[in-house]
Trainee: 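The following block contains the structure, expressed as structure tokens.
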Amino acid sequence: MSDQEHQEERYEDTELYRIRHSAAHIMAQAVVELMPEAKYTIGPPIENGFYYDFDLPRTLTPEDLEKIEKRMRQIIAANHKFERKVLTAEEARQVFKDQPYKLELIEGLEQGGMDEYGNPLETKPEISTYTHDTFVDLCRGPHVESTRQINPSAVKLMQVAGAYWRGDEKNKMLQRVYGTAWKNATELEQYLWQLEEAKKRDHRKLGKELQIFTFDEEVGPGLPLWLPRGGVIIDMLEDLARELETKAGYDRVRTPHLTKEDLFIRSGHLPYYAESMYPPMELEGVKYYVKPMNCPFHHKIFASQPRSYRDLPLRLAEYGTCYRYEKSGELMGLMRVRSMQMNDAHIYTPEDLFEQEFMAVIGLYQQYFDIFGIDKFVMRLSTHHKNGLGKKYVDNERLWLKTEDMVRRAMSNGGVPYKEVPDEAAFYGPKIDVQIWSAIGREFTLATNQVDFAVPERFNLTFINREGQEETPLCIHRAPLSTHERMIGFLIEHYAGNFPVWLSPEQVRIIPITDGQNDYCVSLMKQLKDLGIRASADLGADRMNAKIRAAQLFKVPYMLVVGGREVETGVVSLRKRDGSRADGMPVSEFIALVQQRIATRSREL
RNA sequence: GCCCUCAUAGCUCAGUCGGUAGAGCACAUUCUUGGUAAGAAUGGGGUCAUGGGUUCAAAUCCCAUUGAGGGCUCCA
């Protein structure tokens, strides 16, 4: 994996990077010209474009963006050179004496401590500026040599957004202008076209069109309502999970949505994560909380009887519904919601079986990914950071290091490629997220897998080991199918609404050519339904062509067109969602086809 | 939570300069009985998100609230 990375040119070294970086400077010049009081901060290239953050006396309007963009083209056309200059901190302070944010950056550079985001740097950097036309910016580069190397018809400003100075919500909110820049107009158009295509596949749009879920203002933000078609998809996912988990030795349990405060004090959720929980309700002087996680309940089930090493690993699984108070601005379709049903399980294992159990979970992920046709994924191992001990993280550095090491060892022994992300662990242990991408390039963190060395102890969970002594088990939290919400949001985009047959809410739609075949269609539908196939018959007043179109738009995998000929000979004319046709197919043959697709959870039509 | 943008029929959207609403699809009825992505006619359907304000007059202008979207922050 690392070999590949070295072969690919780093983004920082590409021409596009220099173009975008330079476009950001040019944009800053245009903004400063428009509002001379502007304080400018940082403006890096990003994936597909660039941004620049400003502190401005007033809000930028869409009309301002047009003006800025126009002015940018003029600056580009004037062909100004980008000139680099190295200077001392004192000189730099002189140049940027009216730019408080730049002064703060210089401070950081001078101490050799911080980059523009306030993160520590390893080596003390040089202080340099880049100047083009009238605009001087504190910048390490690199840039194009002159503005003409930017294609003015391949640059476009996209939107204004808020962003905190140095990404810290305690700091001032700045105005961030996003732009995109490419080598030529064709590339820009291609990019804009991709954005349009992405919108068509967006799960929020398709979810509404295909009647999978809805939100209602009166129910509340982030609280999805699953429509009957969504309900079918949920049932199918649960069947799948039940099937594979049963084979893998899981036991299914069920737990309440509510619990007394005491449970979450013991688990550590209240001290660490009260902010993300719905506030308590008080009954007879006792506080109750709706659960943000299922684990404390499972721990109690573990504790409900004495455990022997012979009982372990104990794997408790539940599709438990949790509630988390996500901040209002963080909600997004099905991807970030406030009520979610998790494909949850907790595996209690002695330390010596950890690696085996951990790898079994990874194996389960891979089985799911095969079924859904997910071939690109990255395992991210999130570890703790010393500074967070006792705050974000349980204060036991020895166990942190030990567990993180166990996970690393398990993954490298098992040949699982992963990348490490420091300081993003769960409060009770290292976390392994599986990151995947939907067909429209949206990044999803779906599956998650956490190793908990802390909470079992808080719950006094023990088992009697071979030596007859009490021992505390490790707990693996895992959710390969994530939550129904996020998983189905992903699947909608992954399949663009064209669900494989086994997942399709409606598998077969029977379409009569005239109403003379209605009775036959109804009995055919009943026959299919009796076999557990999700079939419907469209007996409306529309013409056959319109019915086919409707079924097609609804992305029903199989349409059975039935006219006089079919009724007489007991066959159907099969039209698949992809437009292919098989006329004169015996009903039994069609049934065999559907049943095969369903039984094997085939991705084929 | 913060910044910006948006909210008109079930859906997608139009509505000019402030003069109390329109289209297509969907739905219902009727005609049509048809061979693989829209047959036709007629009809019903809107306190223009909610609450205030300005005005002779508000979908339109202003304020607040609610919800959504794009970001930031956060994401057990």
Side-chain angles (χ1 to χ4, degrees), chain A residues 51 53 56 59-62 65 158-178 195 199 202 204-205 208-209 211 214-222 264 267-269 272-277 291-296 322 324-333 335-338 340 342 344 382 392-393 424-429 431 433 445 448 450 452 455 477 479 486 511-518 540-554 559-566 573-577 579-583:
Chain A
Y51 68 79
D53 286 348
L56 301 174
T59 303
L60 285 170
T61 63
L65 282 198
M158 305 298 281
Q159 70 223 351
V160 191
Y164 299 108
W165 166 237
R166 289 197 151 157
D168 187 335
E169 64 180 325
K170 290 194 273 298
N171 289 341
K172 183 161 188 190
M173 172 76 58
L174 306 169
Q175 292 187 63
R176 173 172 296 180
V177 183
Y178 280 97
L195 291 181
K199 271 190 204 158
D202 191 304
R204 292 166 294 189
K205 179 176 154 70
K208 186 188 268 185
E209 284 170 6
Q211 297 171 15
T214 188
F215 287 93
D216 187 289
E217 209 172 301
E218 227 166 331
V219 174
F264 290 127
S267 70
H269 285 98
Y272 288 96
Y273 286 107
E275 234 182 55
S276 314
M277 290 168 66
K291 63 177 171 183
M293 280 184 96
N294 304 302
C295 28
C322 297
R324 298 180 186 175
Y325 197 83
E326 306 284 355
K327 292 181 193 167
S328 56
E330 292 165 346
L331 301 172
M332 203 280 270
M335 303 320 302
R336 276 299 277 287
V337 288
R338 287 178 174 167
M340 69 214 79
M342 299 174 70
D344 213 357
S382 301
K392 271 168 88 170
Y393 307 123
E424 288 192 15
F427 76 84
Y428 44 65
K431 175 170 89 165
D433 289 320
T445 299
T448 175
Q450 291 140 21
D452 183 346
V455 185
H477 304 235
R486 202 169 270 196
I511 297 170
I513 289 177
T514 75
D515 54 16
Q517 291 89 46
N518 281 4
D542 282 330
R543 292 187 58 201
M544 173 205 65
N545 290 290
K547 291 179 182 179
I548 287 173
R549 180 165 192 271
Q552 198 74 48
L553 290 174
F554 238 65
M559 283 154 260
L560 299 182
V561 179
V562 175
R565 290 206 292 272
E566 283 75 13
S573 170
L574 169 64
R575 179 195 163 96
K576 293 186 182 177
R577 184 171 56 199
S580 65
R581 272 174 68 175
D583 292 339

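Naming convention: chains lettered A, B, ... in sequence-line order (proteins, then strands); numbering from 1 in each chain. Source: prediction; values computed, not measured.
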Trainee: So Gln450(A), base contact, sugar-phosphate only, or nothing? Heavy-atom distance under 4.0 Å.
Mentor: sugar-phosphate

Trainee: For nucleotides 30-35 of chain B, which of its nitrogen or oxygen atoms have a protein nitrogen or oxygen under 3.5 Å away, and what is each distance?
Mentor:
{"from": "U33(B)", "atom 1": "O2", "to": "Asp515(A)", "atom 2": "N", "distance (Å)": "3.2"}
{"from": "U33(B)", "atom 1": "O2", "to": "Asp515(A)", "atom 2": "OD1", "distance (Å)": "3.3"}
{"from": "U33(B)", "atom 1": "N3", "to": "Asp515(A)", "atom 2": "OD1", "distance (Å)": "2.9"}
{"from": "U33(B)", "atom 1": "N3", "to": "Asp515(A)", "atom 2": "OD2", "distance (Å)": "2.9"}
{"from": "U33(B)", "atom 1": "O4", "to": "Asp515(A)", "atom 2": "OD2", "distance (Å)": "2.6"}
{"from": "G34(B)", "atom 1": "N7", "to": "Ile513(A)", "atom 2": "O", "distance (Å)": "2.4"}
{"from": "G35(B)", "atom 1": "O6", "to": "Arg565(A)", "atom 2": "N", "distance (Å)": "3.4"}
{"from": "G35(B)", "atom 1": "N1", "to": "Glu566(A)", "atom 2": "OE1", "distance (Å)": "2.8"}
{"from": "G35(B)", "atom 1": "N1", "to": "Glu566(A)", "atom 2": "OE2", "distance (Å)": "3.2"}
{"from": "G35(B)", "atom 1": "N2", "to": "Glu566(A)", "atom 2": "OE1", "distance (Å)": "3.3"}
{"from": "G35(B)", "atom 1": "N2", "to": "Glu566(A)", "atom 2": "OE2", "distance (Å)": "2.3"}

Trainee: G45(B) and C63(B): how far apart are their C1' atoms, nearest whole angstrom?
Mentor: 33 Å

Trainee: Give none if G22(B) has no partner; otherwise give the nucleotide forming a Watson-Crick or G-U wobble pair with it, both distances under 3.5 Å.
Mentor: C13(B)

Trainee: Just the rounded figure in Å: distance from C1' of C4(B) to OH of Tyr51(A).
Mentor: 17 Å

Trainee: If I take atom CG in residue Leu65(A) and atom C1' in nucleotide U5(B), what distance separates them, rounded to the nearest angstrom?
Mentor: 12 Å

Trainee: Would Glu330(A) and Arg324(A) pass as an ion pair if we require N to O under 4.0 Å?
Mentor: no

Trainee: Between U8(B) and A49(B), how far is it from one P atom to the other, in whole Å?
Mentor: 6 Å

Trainee: For a quick check of understanding: with a heavy-atom distance under 4.0 Å over all strands, which category does Leu553(A) fall into, base, sugar-phosphate or nothing?
Mentor: base

Trainee: Got a donor-acceptor contact below 3.5 angstrom from the Gln552(A) side chain to the Arg577(A) backbone?
Mentor: yes

Trainee: For a quick test of reading the model, state the closest non-hydrogen atom pair linking Glu326(A) to Val337(A) and the distance between them.
Mentor: CG-O, 3.5 Å

Trainee: Which residues pass the ring-ring contact (aromatic ring centres under 6.0 Å, His included) test with Phe427(A), not counting sequence neighbours?
Mentor: His269(A), Tyr272(A), Tyr273(A)

Trainee: In whole Å, I'd like the distance from the NZ atom of Lys199(A) to the P atom of U12(B).
Mentor: 14 Å

Trainee: If the P atom of G53(B) is compared with that of U60(B), how far apart are they to the nearest Å?
Mentor: 14 Å

Trainee: Strictly below 4.0 Å, N to O, side chains only: are Asp202(A) and Arg204(A) in salt-bridge contact?
Mentor: yes

Trainee: If the P atom of U66(B) is compared with that of G51(B), how far apart are they to the nearest Å?
Mentor: 15 Å

Trainee: Roughly how far apart, to the nearest Å, are G19(B) and U33(B) at atom P?
Mentor: 49 Å

Trainee: Which letter, B, S or -, goes with each nucleotide of nucleotides 68-75 of chain B from 5' to 3', with contact meaning a protein heavy atom under 4.0 Å?
Mentor: SSBBBBBB

Trainee: With a 3.5 angstrom cut-off on both distances, give the Watson-Crick or G-U wobble partner of A7(B), or none if there isn't one.
Mentor: U66(B)

Trainee: For Gln552(A) and A37(B), give me the distance from atom CD to atom C1', rounded to whole Å.
Mentor: 6 Å

Trainee: Closest approach of Lys431(A) and Ala426(A), non-hydrogen atoms and distance?
Mentor: CB-N, 4.1 Å

Trainee: Looking at C27(B), which nucleotide sits across from it as a Watson-Crick or G-U wobble partner, both distances under 3.5 angstrom, or is there none?
Mentor: G43(B)

Trainee: Is there a side-chain contact between Lys208(A) and the phosphate of U12(B), meaning an N or O under 4.0 Å from OP1 or OP2?
Mentor: yes

Trainee: Taking the nucleotide of RNA chain B with the closest heavy atom to each, which residue, Gly579(A) or His269(A), is nearer the 5' end?
Mentor: Gly579(A)

Trainee: Considering all heavy atoms of both residues, which atom of Tyr428(A) and which atom of Val455(A) are nearest to each other, and what is their separation?
Mentor: CB-CG2, 3.6 Å

Trainee: Please find the pair of heavy atoms, one from Lys199(A) and one from Lys205(A), that lie closest to each other, and give the distance.
Mentor: O-CD, 3.4 Å

Trainee: When rounded to the nearest Å, what value does the distance between P atoms of A59(B) and U47(B) take?
Mentor: 13 Å

Trainee: What integer number of Å spans the P atoms of G69(B) and G24(B)?
Mentor: 30 Å

Trainee: So which atom in Gln175(A) and which in Leu60(A) form the shortest heavy-atom distance, rounded to 0.1 Å?
Mentor: OE1-N, 2.9 Å

Trainee: Measure the shortest side-chain to side-chain distance between Phe264(A) and Pro296(A) over non-hydrogen atoms and say whether it is less than 4.5 angstrom.
Mentor: yes

Trainee: Expressed in whole Å, how much space separates the P atoms belonging to A57(B) and A64(B)?
Mentor: 23 Å

Trainee: Tell me which of Arg577(A) and Met342(A) sits closer to the 5' end of RNA chain B, going by the nucleotide each one is nearest to.
Mentor: Arg577(A)

Trainee: Which atoms form the tightest heavy-atom contact between Tyr178(A) and Ala161(A), and what is the distance?
Mentor: CE1-CB, 4.0 Å

Trainee: Go ahead and name the base partner of C2(B); Watson-Crick or wobble counts if both distances stay under 3.5 Å, otherwise write none.
Mentor: G71(B)

